[in-house]
Every structure is written in C-alpha cells, then in structure tokens.
J.: 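Attaching a single structure in structure tokens format; questions to follow.
Bear in mind the structure is a predicted one, so any value in this text is a computation, not a measurement. In what follows, chains are A, B, ... by sequence order, proteins preceding strands, each numbered from 1.
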Protein chains: 2
Amino acid sequence: MTIYDISKKAGVSIATVSRVLNGSENVRPSTRKKVMDVIDKYDYTPNAFARGMGLHSLKTIGILCADSSDLFLAKAVYFLEQELQANGYESLLCCTGYNPDIKKNYLNLILSKKVDSIILVGSHFIGFNEDENQYIKDVSTQVPIMLLNASFDHPNVYSTLCDDYGTMFEAATEMIQSGITDILYLYDSKSYSGLKKLHGFCDAMKEYNIPGFEKLIHFYDGNIEHLNEVADFVARIATKGTSFHGIMTSDDSLAIGSIKYAQKKGIRIPEELSVMGYNNSMLTNCCTPELTSVDNRLETLTHQLVQTLLGVLAGEEMPKKSIFSGKIIKRGTTLF
Amino acid sequence: MTIYDISKKAGVSIATVSRVLNGSENVRPSTRKKVMDVIDKYDYTPNAFARGMGLHSLKTIGILCADSSDLFLAKAVYFLEQELQANGYESLLCCTGYNPDIKKNYLNLILSKKVDSIILVGSHFIGFNEDENQYIKDVSTQVPIMLLNASFDHPNVYSTLCDDYGTMFEAATEMIQSGITDILYLYDSKSYSGLKKLHGFCDAMKEYNIPGFEKLIHFYDGNIEHLNEVADFVARIATKGTSFHGIMTSDDSLAIGSIKYAQKKGIRIPEELSVMGYNNSMLTNCCTPELTSVDNRLETLTHQLVQTLLGVLAGEEMPKKSIFSGKIIKRGTTLF
DNA sequence: CTGAAAGCGCTAACAA
DNA sequence: TTGTTAGCGCTTTCAG
C-alpha cells in the first residue's frame with residue numbers, strides 16, 4: 001500500500017494525501033475525511049524510508065549504550081525512552097559493547113538512519129585523549145550529541161551528569177567522620193565517571209590525612225554480576241593481611257559481593273564493617289542489612305537531558321553542561 | 001556527501017560506487033581502490049533511507065519488549081542483540097510499555113522501518129482471545145514474527161520458549177516431595193507464560209491431592225522492584241491466618257521479597273520456610289541464603305530463536321515452535 | 001484548496 | 001568491467 005494507492009482510492013492526488021498525512025491546514029475538511037477513511041480502511045502507514053529521504057526531521061533519537069543488561073544503563077535507557085516518547089520522539093537503541101572500534105562503527109551506523117540527535121549513555125564513550133574522542137567530534141558536526149553521565153567539552157556536545165566526584169567525596173567524608181578510616185575502595189570501571197568517583201574518594205582521604213589509603217584501592221576486573229566471585233576477591237585482599245573496617249564501591253554489585261564476603265567470614269555489618277554502594281539500584285534492598293548507597297538521581301538526569309535536547313533541537317540556547325549532586329541514601333550497612 | 005559526489009571525485013559512475021559499496025565482484029581492483037580511497041577520505045556513509053527504498057533487506061531486525069529495565073527482558077534483549085550482530089544483523093529496539101494499543105502502534109511503526117523480521121520479547125504480546133492477537137496476524141503477512149517465551153499458532157509466526165508449565169510442575173513436585181505441601185504461590189503477571197507457570201503449579205498440587213491449595217495462590221499487583229512492599233504483602237497474607245511452609249513465585253523478585261518477610265519475622269530459611277524463585281536472575285545470589293530458582297535457559301532460547309530466524313529469512317523450512325525445558329538450580333532456600 | 005512534477009540518494013536491470 | 005537510466009514512496013515547490 002503506497003500513497004499512490006491511497007490517492008487513487010480516495011480520488012485525489014498524492015499531494016493531497018501527503019497533506020492529510022502531515023496535518024496540513026490547506027485541505028478542505030470533507031477532502032480530509034475522504035482520505036482519512038481510505039487510510040483507516042487499509043491501515044496504511046507511510047513508508048518511513050521514502051519519508052526520510054526528504055530533508056526534515058524524522059523525530060527519532062539514537063541511543064547508544066554499552067550494555068543494555070547493566071542495571072544502571074538499562075534504567076537509564078528506560079527513562080530516556082519514556083521521556084522521549086512523551087515528547088513525540090521515537091528512539092533507536094544500539095548496544096555497542098565495550099570495544100572502541102565497534103562503538104565508532106555504531107555511531108556512524110545510527111547516524112545514517114537520520115536521527116535528529118544521538119544520546120551516549122554512560123561514560124564509556126569518552127576517552128582520555130583527544131584521539132579517542134575524535135569520532136565524537138566528527139559526528140557532532142552533523143547532529144547534537146548528548147552525553148549522559150559523562151562530560152566532554154566540544155561544540156554541539158551537551159553533557160548531563162551527576163557530580164560523581166563531589167558525591168563520592170562527600171560519601172567518603174561521611175564514612176571517615178563516622179570513625180572509619182581504613183576503607184577498602186573497590187571499583188570496576190576506569191571510565192570517565194569511574195575515575196571521578198575514585199578521585200573523589202582519594203581527595204577525601206587526603207583531606208583527612210589518612211596515611212596509606214592508596215594500598216586499599218583495588219580494581220576488580222571480573223564480571224560484577226558474579227557476586228560470589230566478588231566476595232572471593234575481597235576475601236583474597238583480606239587474606240593478604242590488609243585490614244579494613246569500611247568498604248566503598250563504585251557500584252552496588254561490588255558492595256553486595258562485599259557483604260557476601262562478610263557473611264561468609266562471620267563479620268558483622270555494620271558493627272565490624274561498614275559497606276557503601278553506588279547507584280542506589282534495586283540490589284540495595286535485596287541484602288540484609290539493606291545497603292547504604294549513593295543515588296545519582298538518574299531520573300532527574302534523564303529528564304534534564306531530554307529537556308536540553310528538545311531545546312537544542314528547537315534552536316534555543318541551552319546549557320552545555322548540567323551537573324547534579326548525588327545524594328547518600330542511608331540504610332543498614334553503615335553506622336551513620 | 002552523496003553517491004554522486006563520490007562518483008564525481010573518483011571519476012566513475014554512481015553504479016560503480018554502488019557496486020563497491022555493496023561488495024560486488026564485478027569491479028576491477030584498481031577501480032575499487034580508487035573509489036574506496038575517496039570514500040575513506042570523505043568518511044562517506046551511504047544514506048540508509050535511500051537504500052531502504054529499494055526492495056531488498058536492510059539486514060535489520062526489530063525487537064519489541066515491554067520494559068527494557070526488567071531484569072529478564074533486559075537480558076533477553078542483550079543476548080538477542082549480540083546474537084544478531086554476530087550474524088550481520090542490526091537491531092532496532094522499541095520498549096512499548098504494557099498498554100495494548102501502544103504495543104500495536106509500535107508494531108506498525110517498527111514495521112515501517114523495513115525490518116526483515118520482528119521479535120516480540122516476552123509473553124505480554126500475546127492475548128487470550130483472537131481479537132487481541134489480530135494485530136500480530138496482520139503484521140505476520142509482511143514479515144516473519146518471532147516470539148520469545150510465548151507461543152502463538154499462526155502462519156509466519158515462530159515461537160521459541162521455555163516450557164514454563166512443565167518446569168513449574170516439576171519444581172512444585174520437588175517441593176512437595178521434600179515434605180512441604182502448604183505452599184504459598186505468588187505471581188505478578190497474567191501473561192501467557194505467567195499463567196503457564198500458575199497452571200503447572202496447580203496441576204502438581206492436584207496430582208498430589210493437596211486440599212485447599214487454591215487459597216494460597218496470590219496475585220501481586222505492585223511493582224516487583226519494591227522488595228519491601230512485596231515483604232509487606234506476604235506479611236499481610238500470613239497475618240490473615242493462612243499458614244505456609246513453602247513459597248513459590250513466578251519471579252525472583254517476589255521470592256526475594258518473601259525472604260525479606262521471613263527475615264523480618266525471624267522465620268528461618270530453609271528450616272521453617274522453603275522459598276523458590278523463577279528466572280535464575282542475578283538476584284538469586286544477592287540474598288542469604290542464596291535463592292533456589294528456575295533457570296529458563298534464556299541464552300539457549302535466544303540462540304535458538306536467532307537460528308530459526310536466520311533459517312526463515314534464508315527461505316528454509318524451520319520449526320514453528322521450539323520448546324526447551326527449564327532446570328531447577330538448587331541453592332540455600334530449599335531443603336531439597 | 002488541489003494537482004502536476006521535480007527531486008531526495010540509492011539499487012538494479014539493461015546496454016555497451 | 002563499466003555506464004545509463006528507470007524506479008522506490010514521499011515531500012514540496014509551483015501552477016492553477
């Protein structure tokens with residue numbers, strides 16, 4: 001069924017059908033009805049490709065994320081889709097995995113679908129030297145690029161993020177003030193936001209002149225979904241003689257793994273060990289006691305991102321960077 | 001940058017550029033190189049829409065799921081994307097929510113993008129009367145429809161699923177044989193697979209002539225991510241005087257909520273109460289003791305689905321229905 | 001208010 | 001091996 005079929009059946013020209021389809025004012029109501037009836041009768045949907053060949057917007061936003069099964073990313077994607085849909089935009093999701101080359105390919109691929117903008121979800125898309133980010137610069141000449149929880153300073157690139165540095169700084173400060181200074185810091189990602197968190201932690205430790213805190217910083221290289229492996233990882237660190245009475249992590253999963261470690265060893269939480277997660281995911285209340293965690297206001301972030309995006313697409317001047325503070329959600333695994 | 005620009009700069013016709021682009025054999029290597037150099041130099045990507053206007057496949061599969069932040073669905077989508085990508089297909093994801101009308105609209109929308117097939121993830125897309133499924137029949141005339149964890153008998157519709165009925169029957173049988181007959185059954189979805197599980201449970205109870213088991217079947221209407229509310233829900237049931245020594249659920253979240261209930265009440269698991277989840281998600285080892293759950297072999301299902309799909313697209317005769325058995329993963333919340 | 005006709009960028013016959 | 005050309009289905013001037 002094409003616009004030609006419809007025009008023939010309705011006894012009008014394709015231009016008129018096109019006008020009806022696009023809600024043009026310049027159609028006599030009776031003509032409009034005649035056309036609409038045919039359209040409804042045959043359940044006709046215009047071909048998006050032929051449509052896309054024209055110049056204008058297809059009202060579609062490309063969303064790229066590394067892994068849609070990651071709890072945090074999945075939620076982010078979910079909120080973005082909802083928000084975009086509420087504003088009349090469709091979204092097109094691609095999961096790129098963590099390989100940089102593949103990421104770049106996907107970016108071009110999604111661009112070729114004539115999206116109005118591309119949202120990069122998570123900070124895995126930002127590298128640490130100019131070269132790595134060239135591909136973003138290239139694409140930004142064509143459509144606005146929106147970064148969720150990452151930051152990159154470049155024309156036509158807009159960042160919306162949680163201040164992971166400051167929030168982690170604050171969280172660490174709170175733990176230190178509760179009397180715990182030997183804090184194990186576990187992280188699983190060296191992405192932009194992963195390192196921000198790490199620096200926030202380090203700076204808080206430095207602020208309080210805690211000696212040798214660097215030795216308690218450990219990078220976990222495995223799959224964070226395998227909680228028992230995380231527990232073993234913590235056990236191995238403990239076995240090496242390092243003692244700690246607090247654990248802070250870059251992700252809730254690592255914290256849950258830490259709790260499992262404590263339970264296996266009969267260490268009481270929070271009396272003997274304080275644990276704090278990050279992301280405030282649904283995992284926080286799966287365990288006992290429930291996990292204190294940092295909420296990075298994901299829903300606020302996604303909302304703001306879409307608002308900024310809509311503004312940019314409407315040609316308004318919008319903030320290049322929107323930063324929110326996270327907040328600590330106190331539950332049962334910490335003393336404060 | 002269009003194919004015309006490239007052809008001009010390379011000093012060939014657009015047909016030759018097109019051939020190079022599409023990997024045709026009939027191009028002299030030197031010509032190919034000449035064209036490729038120009039393409040690379042200008043970082044040219046062909047316009048997918050103009051391309052899509054042709055008749056042939058765009059090597060794109062549409063994936064529809066109700067909610068991409070649901071643990072089970074997110075994993076399914078993830079596996080599907082990986083599998084499709086490995087076979088040279090792109091995927092286009094839409095999250096429809098649970099509203100039937102919106103689902104239908106999305107189906108048409110995704111179809112208009114000239115996808116080669118549509119995968120419906122989860123059984124929420126199948127209704128229980130003919131009318132509700134008319135929209136699937138309609139679309140199935142245009143492209144093959146693949147169902148993941150749902151079943152619908154219709155030409156050009158292929159189902160790949162876990163035998164939730166049989167698996168739940170088996171699981172319930174196992175619990176009964178471990179000596180527990182007063183089993184609380186919690187479920188949160190009345191979808192195709194949700195009801196299959198329920199029936200499997202009921203039939204096992206009937207098989208063993210357990211009287212009054214129906215009174216212990218409860219539908220949970222809230223958000224299953226809110227584990228504490230699930231716990232309260234179970235507590236309310238217990239307060240009403242119904243006693244039970246086993247809990248089986250249609251989803252791990254409900255089981256975790258049940259464990260929270262037990263912990264709050266000081267009920268020991270599994271000594272005083274056996275709990276069994278479903279889906280074998282990452283939640284199963286967040287809690288203590290770890291949750292016995294049913295693995296529905298999601299990765300196997302997605303793999304099989306994509307294999308079937310590839311066969312169908314290649315014009316081969318493929319099974320209309322592929323059914324796998326789930327398996328019980330025994331952990332610490334049950335006696336057996 | 002409506003219709004005719006010129007593209008949009010590409011693919012795929014068909015010719016050469 | 002390469003070029004020419006007719007569509008693909010739609011939007012959008014431009015006439016009427």
J.: Return yes if a side-chain donor-acceptor contact under 3.5 Å exists between A/D67 and A/S69, otherwise no.
T.: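 Present: a donor and an acceptor within the cut-off.
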J.: Starting at CG of B/N26 and ending at C1' of C/dA13, how long is that distance when rounded to a whole Å?
T.: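 The distance from CG of B/N26 to C1' of C/dA13 comes to 13 Å, rounded to the nearest Å.
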J.: Given C/dA4, is OP1 or OP2 found less than 4.0 Å from the side-chain N or O atoms of A/S13?
T.: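 It does not, given that no N or O in the side chain of A/S13 lies less than 4.0 Å from OP1 or OP2 of C/dA4.
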J.: Under 3.5 Å, side chain of A/N156 to main-chain N/O of A/S140, donor-acceptor pair present?
T.: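 Flag set: sc A/N156 to bb A/S140 pair under 3.5 Å.
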J.: Can you tell me the distance, in whole Å, between the CD1 atom of B/I3 and the P atom of C/dT11?
T.: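 Going from CD1 in B/I3 over to P in C/dT11 covers 5 Å.
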J.: Go through the side-chain N and O atoms of B/D131 and B/Q134 and say whether any donor and acceptor fall under 3.5 Å apart.
T.: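 B/Q134 and B/D131 do not have a side-chain donor-acceptor pair below 3.5 Å.
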J.: Whole Å only: how far is the CG atom of B/L21 from the P atom of C/dC10?
T.: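 It works out to 8 Å between those atoms.
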J.: Could you check how far CG of B/N22 sits from P of D/dT1, rounded to whole Å?
T.: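 Atom-to-atom, B/N22 to D/dT1, this comes out as 17 Å.
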J.: Does the cation-pi check pass for B/K103 over B/F125, that is, NZ or CZ under 6.0 Å from the six-membered ring centre and within 45° of its axis?
T.: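 Yes - B/K103 lies over the ring of B/F125, closer than 6.0 Å to its centre and within 45° of its axis.
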J.: Does a nitrogen or oxygen in the side chain of A/T16 sit under 4.0 Å from OP1 or OP2 of C/dG3?
T.: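 Answer is yes, contact under 4.0 Å.
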J.: Do B/Y89 and B/L313 come within less than 4.5 Å of each other through their side chains, counting heavy atoms only?
T.: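 A side-chain contact under 4.5 Å exists here.
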J.: Using a heavy-atom cut-off of under 4.0 Å over every strand shown, decide if A/N47 touches base, sugar-phosphate, or nothing.
T.: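 Sugar-phosphate, no base atom in range.
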J.: In whole angstroms, how far is the C1' atom of D/dT2 from the CZ atom of B/R28?
T.: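 Nearest whole value for this atom pair: 9 Å.
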J.: Tell me whether the OP1 or OP2 atom of D/dG9 has a side-chain N or O from A/T2 closer than 4.0 Å.
T.: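 So the side-chain polar atoms of A/T2 never come under 4.0 Å of the phosphate oxygens OP1 or OP2 of D/dG9.
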J.: Under 4.0 Å from any atom of DNA chain D, heavy atoms only: list the residues of residues 30-40 of chain A that qualify, in numerical order.
T.: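 Heavy-atom cutoff 4.0 Å gives no residues at all.
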J.: Using a cut-off of 4.0 Å on non-hydrogen atoms, how would the nucleic acid contact of A/S18 be classed: base, sugar-phosphate, or nothing?
T.: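 Counting heavy atoms under 4.0 Å across all strands, the contact made by A/S18 includes a base.
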J.: Please state whether the phosphate of D/dC10, meaning OP1 or OP2, lies under 4.0 angstrom from any side-chain nitrogen or oxygen of A/Y44.
T.: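 Answer is yes, contact under 4.0 Å.
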J.: B/R19 has an atom CZ; how far is it from atom P of D/dG3, in whole Å?
T.: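 Rounded to whole Å, this separation is 8 Å.
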J.: What is the distance, to the nearest angstrom, from the CD atom on B/E25 to the P atom on D/dT1?
T.: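 That distance rounds to 9 Å.
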J.: Atom CD1 of B/I6 and atom P of C/dC10: how far apart are they, to the nearest Å?
T.: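 These atoms are roughly 9 Å apart.
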J.: Taking NZ in A/K104 as the centre, count heavy atoms belonging to other residues, nucleotides or ligands within less than 6.0 Å. Is the count above 12?
T.: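 It does not: A/K104 NZ has 12 such atoms or fewer within range.
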J.: For A/V17, report the nucleic acid contact type (base, sugar-phosphate, nothing); a contact means any heavy atom under 4.0 Å.
T.: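 A/V17: no heavy atom of the nucleic acid under 4.0 Å.
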J.: Say whether A/Q304 and A/T160, considering side chains only, have a donor N or O and an acceptor N or O under 3.5 Å apart.
T.: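 Distance-only check fails for A/Q304 and A/T160.
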J.: Indicate, yes or no, whether a donor-acceptor pair under 3.5 Å links the base of D/dC8 to the side chain of A/Y4.
T.: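 For A/Y4, whose side chain was compared with the base of D/dC8, there is no donor-acceptor pair (under 3.5 Å).
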